[in-house]
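Shown next, in structure tokens, is the structure this report addresses.
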Amino acid sequence: MSFKINDKVTWIGKIDWELRQFHGYEYSVHRGSSYNAYLIRDEKNVLIDTVWQPYAKEFIENLKKEIHLNQIDYIIVNHAEVDHSGALSELMKEIPDTPIYCTANGIKSIKGHYHEDWNFVPVKTGDTINIGTNDLIFVEARMLHWPDSMFTYMTNDNILFSNDAFGQHYASEYMYNDLVDPDELYSEAIKYYANILNPFSTLVERKIDELIKLELPVDMICPSHGIIWRKDPLQIVEQYKNWAQAYQENQITIIYDTMWQGTRRMADAIAEGIKSFDSKVNIKLYNASKTDKNDIITEVFKSRAIILGSPTVNGSILTSMAAITDLIKGLRFKNKKAAAFGCYGWSGESLKILNEHLEKAGFEVVSEGIREIWNPDQSALERCRDFGKKFAESL
Ligand code: FEO
């Protein structure tokens, strides 16, 4: 499949409707994804990025329907992660001398993955190649989200090829932001930001400011996953700037796991207590062993505070809570408050462990938390309601 974006640029990629897990099993993909590569035809012909390796042969066949491979003058690798560079090996078998433009870190990454010494041309911010009526300007985007990431900007047509930035794991045959359901689009865009880009928010903000200072007109943003932003394309840039500034909504998220319902009943009572103090706050409860971890992360991203709950088991916390707290720590959320709770039978370490996890993850732990022995009775649940109320008061 391919389609023309304008008279010079053709989308040539793969819409992966089957995909349900990405980065191994680290990122759930409920709506599939796409690997977007772009072919620019000018006096010089340029290929920007490729697709994931399982679709390499299909990609090359489709590319051959568009252009004789020997007529590709330059290959640009905006980012070497294998979902975009996965067809390089197949492609370079056919056109081994074609120059590959990428950052110096891109060369290291490509060599690290494919162990080939192709004709690399390192580029840095501001480097430009003329391809005829258009120039291509490179803008390094280090750690957005890998050291090698970069953007390519096409003059005259004013297209920003942004690779992962501004992308979404979202399969759609419509392929443009003005044609798809905006709720679906933004729910995938925010999940993508929360789960992939959040640790690099300071760099996101800086890079956006740098792009604004360059005063490059942008008529279209073509990311490497999901749909293309052509209607009011800077809306997603504005949104990223908002998300990068320790984003939060009026939401408190309670994440817990439970063995015999005791900790779950505590979670419900805490939520009641919060509601009794603040009827407007959006309280959401998720059992970590029953809920997709990346969806939980998106809810943490939207929250101004979270409360974690686990019973004590083997002197520790339940494994689902250990996994989600580790994931939360890695994503480096900022400016969020937190507390912990859990029931126990004898030793009762879960509260202390959860508090330690929260502090290490950079949350402001606003109370010592609450633990209740065995299965909470009515007076214990009343204490949980009071705890929830006081927690809400402290925000
Ligand atoms: Fe879509 Fe970082 O690869």
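Counting starts at 1 for both ligands and their atoms, in listed order.
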Y240 and W243 aromatic ring geometry - parallel, tilted or perpendicular at 30°/60° bounds: tilted

Atoms of type N/O/S from protein, distance to atom 1 (Fe) of ligand 1 below 2.8 Å: 4

Beyond-backbone contact of R142 with L203, side-chain heavy atoms, under 4.5 angstrom: no

Modelled atom types, side-chain donor and acceptor of H357 and D326, under 3.5 Å: no

Under 3.5 Å side-chain donor-acceptor pair for T253 and S303: yes

Qualifying residues under side chain to side chain contact (heavy atoms under 4.5 Å, CB included), relative to K57, sequence neighbours excluded: E90

Euclidean distance, D135 CG relative to I137 CD1, rounded to 0.5 Å: 6.0 Å

